[in-house]
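Predicted model, so just to flag it, every value in this text is computed and none were measured. Here, residue 1 is the first one in the sequence, and each next residue gets the next number.
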Amino acid sequence: MHRIFGTPFAAVYPLYLAKVERKGRTKAELDEVVRWLTGFDDAALARQIDTEATFEEFFAAAELNPAVSEITGVVCGVRVEQIEDPLMRRIRYLDKLVDELARGKALEKVLRG
C-alpha cells in the first residue's frame, strides 16, 4: 500500500489550494474541480476535510464523474491512463486536474466540458 493512500485529504488540500492560488486561481475553482471529479457537494467535501478522511476513504465515498476517462496526460512522470492501481489512478486524476487549473487552462476545459 502506498503511503499516500493513508494520508488525510485534509493534509493535501491546502497544498492544492496554495498551488492554484499562486497561479491566480481561486478556492472556488479548486472546489469545483474536486466536486466535478468526486460527485461531492459542498457539504460532503467539507465533511471529508473536517473528518480528515484518508485518500482511500475519500475516494471510496466518491462517485467519480463518468468523463474521467477523458483525463489523460502525464503526472509525476507517469501517464495517468496507464496507472494500474485504481486508487492511485484516482489520486493522479485529481493531481492532473489541479495541475491543469494551476497552469491556467480554462475551467470548462479542465472539467472536460
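The distance from the CG atom of Leu101 to the CG atom of Leu97 is 9.0 Å, given to the nearest 0.5 Å. In this structure, CG on Leu94 lies 6.0 Å from CZ on Phe55, to the nearest 0.5 angstrom. Interatomic distance, Arg90 CZ to Leu87 CG, rounded to the nearest 0.5 Å: 7.0 Å. A distance of 12.5 Å separates CD of Glu32 from CG of Leu37, quoted to the nearest 0.5 Å.
We find that Asp31 and Lys27 are joined by a salt bridge, their nearest charged nitrogen and carboxylate oxygen being less than 4.0 Å apart.
With sequence neighbours left out, the side-chain hydrogen bond (donor to acceptor under 3.5 Å, both in side chains) criterion links Arg112 to Glu100.
Applying the ring-ring contact (aromatic ring centres under 6.0 Å, His included) test to every pair with at least one member in residues 12-35, sequence neighbours left out, gives these pairs: Phe9-Tyr13. Annotation: side-chain hydrogen bond (donor to acceptor under 3.5 Å, both in side chains) contacts involving residues 41-51, sequence neighbours excluded, comprise Arg35-Asp42. Pairs of residues two or more places apart, or lying in two chains, never qualify as ring-ring contact (aromatic ring centres under 6.0 Å, His included) while including a residue from residues 73-97. For residues 7-25, every residue pair satisfying the salt bridge (Lys or Arg N to Asp or Glu O under 4.0 Å) rule, not counting sequence neighbours, is listed here: Lys19-Asp99, Arg25-Glu29.
Gln82 contributes no side-chain N or O that, together with a main-chain N or O of Arg79, makes up a donor-acceptor pair within less than 3.5 Å. Counting only distance, with no hydrogens or angles, the side chain of Arg89 and the backbone of Glu81 share no donor-acceptor pair below 3.5 Å.
Residues Phe58 and Val12 form no side-chain contact, since every pair of their non-hydrogen atoms from C-beta on lies 4.5 Å or further apart. No side-chain heavy atom of Val34 sits less than 4.5 Å from a side-chain heavy atom of Val98. Side-chain contact check for Thr26 versus Val20: every heavy-atom pair is 4.5 Å or farther apart.
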Would you tabulate the side-chain donor-acceptor contacts of residues 63-78 under 3.5 Å, counting partners in other chains and residues two or more places apart, or write 'none'?
from: Asn65; atom 1: OD1; to: Ala67; atom 2: N; distance (Å): 2.8
from: Asn65; atom 1: ND2; to: Trp36; atom 2: O; distance (Å): 3.2

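For the side-chain contact (heavy atoms from CB on, under 4.5 Å) criterion with Ile91, the lone passing option out of Ile4, Val80, Asp85, Thr7 is Ile4.
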